[in-house]
Amino acid sequence: MAREMTSASSAVQEVPLDLLRHSCAHLMAQAVRRLWPDAKLAIGPTIDNGFYYDFDVPVAFSSEDLVKIEALMRDIAREDLPIVQKHWPRQELLSTYRNLGEVYKVEIIEEDVPDPEVSVYHQGEFFDMCRGPHVASTGQIQHFKLTSVAGAYWRGDEHRPMLQRIYGTAWHTREELEAYLRQLEEARARDHRRLGQELDLYSVQEDIGPGLIHFHPMGGRIRHVIESFWRETHLRRGYELVYSPHIAKTDLWQRTGHLEFYAENMYAPMEVEGQKYIIKPMNCPFHILMYKSHLRSYRDLPMRYAELGTVYRYERSGVLHGLLRVRGFTQDDAHIFCTPGQLPGEIVGVIDLMQYMMKSFGFTYRCVLSTRPEKSVGEPAVWELATAALRDALEAKGLEYTVDEGGGAFYGPKIDIILLDALGRGWQGPTIQVDFNLPERMDVNYIDESGEKRRVVMVHRTVLGSMERFLGNLVEHYKGAFPFWLAPVQAVIVPITDEQLDYGRRLAERFWDAGLRVEVDGRREKMNAKLRDAETRKVPYMLVVGKRELAEEKVALRKHGEGDLGPMPVDAVLARFKERTRRARWLKDFGRRLPSQGGRGYLDRLGAGIPARGGRFRARAGLRVRSKVRLRVRQECTGLRPATLIRRSSKPHTWPSRTESESTSRSRNGRFG
RNA sequence: GCCAAGGUAGCUCAGCCGGUAGAGCAGCGGUUUCGUAAACCGCCGGUCGGGGGUUCGAGUCCCCCCCUUGGCUCCA
């Protein structure tokens, strides 16, 4: 591969970033080798934003060592050693590496490099087997930084030696490097663990146990808002809310197969009157038994059982992470029991609901469809049907997705939704999984039109993920500054002197009566201190009341992060706030359009539900609803005039188009269902 | 679970070669009644993560355990 030597400064920009980083990994290895001549080299690939190299060294690298290595790297860069490719006969390279004791390189050659000639890159005294390409000389590597050390198993196998991995980052220009480092800072500022502490949202208590979350009052309020919204929406979409116990007899878990396939994530049984019980890692068995408490007809289906179900799963201590990876968590779980024919419609309904949730909370996301793995249960034809249902639903909803071939659970295909936070990092959130296993094992049936017993199709799904993880994602997404409808405290009333304290308290009553969460700051502090505290707590609004406001029945409105908006009549502020509540928005959505999954199983048959076809509400057709009663409710909740409401609801409903931003995924995937 | 780094007041952190623990904020008490991001004075506050050991003496050194963090592995 011919490459001409050009001066570093002009060539730098043209080199692909990946290549630069790979060369930087070599540069680091060379520096490590100079400092620790016995260091054995493993592999040194590029990753998002940087690179790493794995070393086997008898001493543990300290952070001072990183500084030393980095300094030496700069020296070697200054030496501007030409980087040249040579082709070594395989045998010669093998014996050289054997003589050097480079056991990892030897293993790589023996197992993965059959070619008679092997490409080796040389720079000064250092050489490394590598396909390349690389930059022309070490002098071209200018803007880099070593970021961390960590242990890493050789070939990712926990039974093999643990090596030391040094991570680094490299960029074309100083500006890019600094921008990246700033971005890391930014990510730290958004860290939900830090914000969770600062905003007093939650805690983990050493005396209680790792991975067990306590929602403090402010976190509790947010969770309450999310849960209320979730329940309302689910009832509205034809789900039934159920509640199940936290423990069940060992026999049940035997029957479901959890003891066989999931035991390593389950906690040991406890004994009660000679009977063994296990705390639940999943909610599905309970829902199944509720379903099975009656004989079900095809007319009952689909049945949708929803529950904010708290489960406990053993996670290895090293993987716990704030709210995002825990041992006890509450899934926003639901199980849908339906006929094979209903499956496609049900999947569409779930995706629609998921989209609605994501839109409501402001998340962007991407979708991954996982298909049949090697080891699986169920007929191939059924798998095909279910996978097609998932795929079709994604396409019908206009969602882009990637396919993880063979990445499904052994019991069925699934769609995973990766939430993207504001920094573009991805986290496994909602999941939709078809299950062929449990209905079989638990003998879950319905009676079809001809009186035959038929196996139901079962869908596990969450549309948020878990309350813990979702809250963590929300905190990072909004950097702790929750939108008005979610904010634990929506406004703080700030009396300037004690003279206005009573007025402030009267105002607070009015706001609470309107369903808003406000607080009066009655401390003997200066207004500035109160404002500062409210700003720090990221409260969306501050209502300053002084002499003038008291006289005119006004408040001076101040918005978080924006500042003073000037005095406003109290009624205007109330109206403004009510407009921003989720209830108001929900009613708007609800007024325009009923969910596609209007039918409600047995309720339909009792005449208590929404007519499946036609009917005054024309639910399924998605036409507007104009019931007088509903209008009145909406008027009350939104504060809008009837004419406005009717006009609004007459507009045809369209879902806003989503923009999918491509970005790196940092998925902690597949833990639900 | 593995490798590494940590754990000192409610929070953020300082504490040298082993000599008996300190700051800011928060809290509490007082004074101040103030117009858009921190008023002033004073006070209280510590099993130095837990246990054991070495030592005349341990926050500091050694061993075990717990928890946190960064990775690895795992993630039905």
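Fair warning: this is a prediction, and the values are worked out from it, not measured in the lab. Here is the naming used below: chain letters follow the sequence lines, and residue numbers restart at 1 for every chain.
- One interatomic measurement links the two molecules: CZ of A:Arg325 to P of B:G71, which rounds to 13 Å at whole-angstrom precision.
- The side chain of A:Ala152 lies closest to B:C72, out of B:A37, B:C72, B:C3.
- Nucleotide B:C17 carries a syn base; the chi torsion (O4'-C1'-N9-C4 or O4'-C1'-N1-C2) is within 90° of 0.
- Comparing B:U73, B:A37, B:G35 by their closest approach to the side chain of A:Met527 singles out B:G35.
- Checked by distance alone, A:Arg524 brings a side-chain donor or acceptor within 3.5 Å of a matching partner on the base of B:U32.
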> What do the steps show when you test A:Thr431 against A:Gln433 for side-chain hydrogen bond (donor to acceptor under 3.5 Å, both in side chains), and what is the final call?
Replying inline: CA-CA 6 Å; A:Thr431 178; A:Gln433 315 191 344; 3.1 Å; yes

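- Taking every side-chain heavy atom of A:Thr497 into account, B:U33 is the closest of B:C72, B:A37, B:U33.
- Taking CG from A:Leu471 and CD from A:Glu476, the interatomic distance works out to 10.0 Å, rounded to the nearest 0.5 Å.
- Between A:Asp191 and the choices A:Arg188, A:Arg193, A:Arg194, the side-chain hydrogen bond (donor to acceptor under 3.5 Å, both in side chains) rule is met once, by A:Arg193.
- Side-chain proximity of A:Ala529 to the nucleotides B:A37, B:C72, B:A39 is greatest for B:A39.
- The A:Arg193 side chain lies nearest to B:G70 when the options are B:G70, B:A4, B:C34.
- Under 3.5 Å, the side chains of A:Thr371 and A:Glu405 contain a donor-acceptor pair of N or O atoms.
- For the pair A:His321 and B:G70, the criterion of a side-chain N or O lying under 4.0 Å from OP1 or OP2 is met.
- Here the P atom of nucleotide B:U68 and the CD atom of A:Gln197 are 14 Å apart, to the nearest Å.
- The nearest whole Å value for the distance from the CG atom in A:Leu324 to the P atom in B:G71 is 12 Å.
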